[in-house]
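Notes to accompany the following structure.
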Amino acid sequence: MVQVYIELGGNLGDVHASLDTALAEIESRIAPLSSRSSRYLTEPWGFADQPDFVNMCVGLETKMNPWVMLDILQEIERTLGRVRGLNRNGARTLDIDILFYGHMIFEGQWLEVPHPRMSNRRFVLEPLAEIAGEFVHPVLQRSMTELLAACTDSLKVEKWSG
């Protein structure tokens, strides 16, 4: 079994319902969740002229191939209204990213693990440190707690209290 960490977020439509549905689909199609963070209300990265996001992270253990997992996650995104466009940081109903697949390091056309931009993004590090603070990034050799403490991203990230 491999420990996997995934980030989920969105800022269009009923984001909380989309997250609930995505979590249920992940549990039924990939593996039961071993951990889940709080939900965080976060300022959008890159393009400020859009609604705030709701983000969270989950952990699970699986034997599933990461590319098969990616296909399932992208199918869940599409089912919940995700339309991929040219704007990587634009508004969307749902975005699901594989952050870590164990301590493996790999780069392909459609999947790069560890996620290449996560260490610079507080909206990923806050929820990830909540559930996996001691997990060590296999490239940067720093824990999630250490990466969060060193992160210079000043965008708003606060626990959702709804």
Side-chain angles (χ1 to χ4, degrees), residues 1-13 15-40 42 44-47 53-144 147-148 151 153:
M1 299 290 267
V2 176
Q3 179 67 52
V4 176
Y5 291 102
I6 297 171
E7 186 270 340
L8 303 91
N11 69 340
L12 293 179
V15 177
H16 293 286
S18 293
L19 289 172
D20 291 342
T21 301
L23 295 172
E25 287 293 311
I26 290 168
E27 286 202 293
S28 74
R29 298 178 64 189
I30 298 173
L33 301 180
S34 56
S35 58
R36 86 172 58 190
S37 75
S38 302
R39 293 180 185 191
Y40 289 78
T42 68
W45 177 276
F47 294 90
F53 278 77
V54 177
N55 293 96
M56 67 181 299
C57 290
V58 298
L60 55 91
E61 292 184 5
T62 186
K63 293 180 183 179
M64 184 178 287
N65 174 298
W67 288 273
V68 172
M69 184 184 309
L70 178 64
D71 286 343
I72 292 170
L73 295 175
Q74 289 180 341
E75 182 180 319
I76 294 168
E77 288 177 337
R78 283 189 303 275
T79 299
L80 291 169
R82 171 74 188 266
V83 177
R84 291 192 180 272
L86 299 175
N87 183 353
R88 173 186 301 212
N89 297 316
R92 75 253 348 236
T93 56
L94 184 66
D95 183 39
I96 308 174
D97 290 319
I98 300 171
L99 303 174
F100 294 109
Y101 186 86
H103 286 91
M104 294 179 67
I105 301 167
F106 50 89
E107 184 176 346
Q109 182 177 3
W110 306 110
L111 179 61
E112 187 173 349
V113 174
H115 190 282
R117 293 169 296 282
M118 64 168 287
S119 64
N120 299 320
R121 295 183 174 173
R122 186 169 301 282
F123 73 86
V124 175
L125 292 172
E126 287 274 354
L128 188 56
E130 180 184 331
I131 63 170
E134 299 308 311
F135 186 84
V136 175
H137 192 295
V139 175
L140 303 176
Q141 293 300 304
R142 296 174 80 187
S143 72
M144 297 305 102
L147 289 175
L148 177 58
C151 184
D153 174 8

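Excluded from the calculations below are hydrogen atoms, water molecules and symmetry mates; all remaining heavy atoms, backbone and side chain alike, are included.
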What heavy-atom pair brings [X] and [Y] nearest, and what distance separates the two atoms?
X	Y	answer
L19	G9	CD2-N, 4.2 Å
I98	P66	CD1-O, 3.9 Å
I6	M69	CD1-SD, 4.3 Å
E7	V124	CG-CG2, 4.2 Å
R121	C151	N-SG, 4.1 Å
V113	L99	CG1-O, 3.9 Å

Quick one: does any side-chain atom of [X] pair with a main-chain N or O of [Y] as donor and acceptor, under 3.5 Å?
X	Y	value
S35	V58	no
E126	Y40	no
T93	L80	yes

Atom pair [atom1] ([X]) and [atom2] ([Y]), whose distance is rounded to the nearest 0.5 Å:
X	Y	atom1	atom2	value
M56	S37	CE	OG	4.5 Å
L125	E130	CG	CD	13.0 Å
D95	Q74	CG	CD	9.5 Å
F123	M118	CZ	CE	10.0 Å
C57	R39	SG	CZ	12.5 Å
Q3	M104	CD	CE	14.5 Å

Heavy-atom side-chain proximity of [X] to [Y] below 4.5 angstrom:
X	Y	value
L60	Y5	no
V54	L8	no
L148	R122	yes
T62	M1	no

With sequence neighbours left out, write down each residue that passes side-chain contact (heavy atoms from CB on, under 4.5 Å) with [X], or none if nothing qualifies.
X	result
N65	W67, V68
H103	F135, P138
V2	V4, Y101

Given L94 and L12, is the side-chain contact (heavy atoms from CB on, under 4.5 Å) satisfied, shown in steps? CA-CA 8 Å; L94 184 66; L12 293 179; over 6 Å; no
Could you work out, with side-chain hydrogen bond (donor to acceptor under 3.5 Å, both in side chains) as the rule, every residue matching T42, not counting sequence neighbours? N55
Looking at residues at least two apart in the chain, or sitting in another chain, which of them share a side-chain hydrogen bond (donor to acceptor under 3.5 Å, both in side chains) with E75? R29
Run the side-chain contact (heavy atoms from CB on, under 4.5 Å) test on D153 and N120 for me, step by step, so that the C-alpha distance in whole Å, both residues' side-chain angles and the decisive distance to 0.1 Å come before the verdict. CA-CA 6 Å; D153 174 8; N120 299 320; over 6 Å; no
Any residue meeting salt bridge (charged side-chain N to carboxylate O under 4.0 Å, His left out) with D71, in chain and number order, not counting sequence neighbours: none
Please evaluate residues L73 and I30 with respect to the criterion side-chain contact (heavy atoms from CB on, under 4.5 Å), reporting the C-alpha separation (whole Å), side-chain torsions for both, the decisive distance (0.1 Å), and the verdict. CA-CA 9 Å; L73 295 175; I30 298 173; 3.7 Å; yes
Looking only at the aromatic ring of each residue, does the gap between the centers of H137 and F100 stay below 6.0 angstrom? yes
